[in-house]
Amino acid sequence: MRTLITNIKHLYQTESINENKLRVSGADMAYLPGIANAWLIIADGRIHSYGDMADIQETHVDETIDATGRMVLPAWCDSHTHLVFATPRDGEFVDRIRGLTYEEVARRGGGILNSARMLNAMDEQQLFDQSLVRLHKVMGQGTGAIEIKSGYGLCMEGELKMLRVIRRLRESVSIPIRSTFLAAHAYPVEYKEDKEGYIKLIIEQMLPRVASEGLADYMDVFCEKGFFGVPETEQLLEAGYKYGLKPKIHANQLHHSGGVEVGVKYKALSVDHLECIGEKEIESLKGSNTMPTLLPGAAFFLGMHYQPARKIIDAGLPVCLATDYNPGSCPSGNVPLLLSIACTQLKMTPEEAINAVTINGAAAMELEQQMGTIKVGKKAILILTKPIPSLAYIPYDYGNNNVERLLC
Ligand code: NIG
Ligand code: FE
């Protein structure tokens, strides 16, 4: 099957065949290469060729899409989500408006434990059905690769149920899905007084089962005061490595928790959140391959201070953006809205923000050889926009979806 897209107003994030773009860092993030008035051919699901309309050659195709007025970009790569969950937590949303903090809600048995109760009570089919609806919705907003975590089971059966649902989602759509094992998201109620016991359960029982069934690509730990400390995180990450699971961790959301340094030490693919990050943490990221991943949707929804994206970029580091789609701290998987928040609150330019959710998002899921740029041979999972005046219009037109179609 060959598809030709003609009259593309602007084709963004192109990469020549001789380049090997693994991630974009520092000042380079401001640059988004592309071609005005372009064509592109997709053959059997891959990018076959592209160029300037002035040089288009006649060739056989099965389908032609006239993209007049529209732009084409690589699809968003959302590298941090909790898209599989049972029930919204809108009650806690109101409690927080009335003055409770996210941590107070959690201490009262709400938060992640609330989600765990509801998830364990829901049957697998229903969990799958509603997760698939969410997945289709974010794909309609341009998401073309996604990472999804467990972490609302907090027991063997619940965690396996979530991971099986993620596997079924992967089999149901044509976009890449990465699966992350996050049993270390909170201590379940039964282990409140026996934290070592829960860590033992994860390491000795859950991890071997998850690995033997091939249910996860990565391992995550919520490294935070009141959740899992640095020594526990180290213990868990070491065990994960024994089963071939690389870490991607929740770090420095609520406090300077040591999560960034431990992530770097254990060669995490990414350290995610980073609301509480200063000079020391930024310094530790230099020279590492660990991707600083910012989740400003959570800071927005919890009314917290935003991540210092400018300081991280000015330090020459890459920045990745992801939604954190989850029922507690960010009930939205809408990447265009994330881009608006990144531009208005983190003062990232539209080009920087788009680099952060394309090539850098791909890198945070080890998909940089397949996704994230318009390069011959990569997967043709592409965004076709509606007619829009400029690239900046995508984050400018906040709350609206200017993605006409995800081609995949
Ligand atoms: O990334 N911070 C930990 N985990 C999620 C939120 C989980 C929840 O509140 O359900 C996050 O924000
Ligand atoms: Fe998260």
Side-chain angles (χ1 to χ4, degrees), residues 78-96 100-120 131 134 146-154 158-159 162 166 178-188 218-229 232-233 236 247-255 257 259-260 263 268-277 291-307 320-333 338 341 361 364-365:
D78 190 355
S79 63
H80 181 137
T81 84
H82 310 250
L83 174 142
V84 174
F85 60 85
T87 322
R89 304 213 306 260
D90 41 320
E92 292 176 9
F93 168 63
V94 178
D95 292 341
R96 285 191 293 98
L100 288 186
T101 66
Y102 181 71
E103 285 168 287
E104 283 161 354
V105 169
R107 275 198 294 273
R108 291 175 179 207
I112 296 163
L113 295 183
N114 187 359
S115 277
R117 263 191 309 277
M118 295 187 284
L119 184 128
N120 283 309
S131 301
R134 282 181 210 127
I146 193 166
E147 182 260 15
I148 308 174
K149 300 174 194 296
S150 70
Y152 292 131
L154 308 182
E159 288 294 306
M162 289 189 79
I166 299 171
R178 295 294 202 211
S179 169
T180 301
F181 175 53
L182 174 59
H185 200 188
Y187 290 99
Y218 306 124
M219 164 124 178
D220 196 341
V221 175
F222 186 16
C223 181
E224 193 56 75
K225 245 188 232 168
F227 291 83
F228 296 82
E232 290 81 15
T233 303
L236 287 156
K248 277 174 76 64
I249 68 173
H250 279 76
N252 297 52
Q253 179 185 13
L254 308 171
H255 303 278
S257 57
V260 172
L269 269 178
S270 64
V271 283
D272 303 18
H273 264 293
L274 312 187
E275 282 85 335
C276 302
I277 179 175
M291 177 68 77
T293 296
L294 311 183
L295 313 175
F300 166 77
F301 196 69
L302 297 181
M304 286 184 61
H305 55 272
Y306 287 99
Q307 295 85 353
C320 170
L321 288 164
T323 62
D324 198 21
Y325 191 4
N326 76 75
S329 65
C330 186
S332 167
L338 167 69
I341 299 173
M365 295 186 271

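One-based numbering, in listed order, for ligands and for the atoms of each.
Remark: the backbone N or O of C223 is paired with a side-chain donor or acceptor of S257 at under 3.5 angstrom. Although no hydrogens or angles enter the test, the distance criterion places a donor-acceptor pair under 3.5 Å between the side chain of E159 and the main chain of G153. Under the 3.5 Å distance criterion, the side-chain polar atoms of R134 are matched with a main-chain donor or acceptor of F85. At distances below 3.5 Å, not a single donor-acceptor pair connects side-chain atoms of D95 with backbone N or O atoms of L100. Of the possible polar contacts, one joining the E147 side chain to the T81 backbone as a donor-acceptor pair under 3.5 Å is found. When atom types are taken as modelled, the side chain of Q253 and the backbone of L274 share no donor-acceptor pair closer than 3.5 angstrom.
Around ligand 1 you find H80, H82, R89, Y102, I112, Y152, H185, F222, H250, Q253, H273, D324, N326, G328, S329, each with a heavy-atom distance below 4.0 Å.
The Fe ion (ligand 2) has no N, O or S atom of C330 closer than 2.8 Å. Residue contact annotation: D324 places an N/O/S atom under 2.8 Å from the Fe ion (ligand 2). Residue H80 counts as close to the Fe ion (ligand 2), with an N, O or S atom under 2.8 Å.
The atom name of the N/O/S atom in H82 closest to the Fe ion (ligand 2) is NE2.
For the 3.5 Å distance criterion, the side chains of D324 and H80 qualify, holding a donor opposite an acceptor.
With ring centers used as reference points, F300 lies 6.0 Å or more from Y306.
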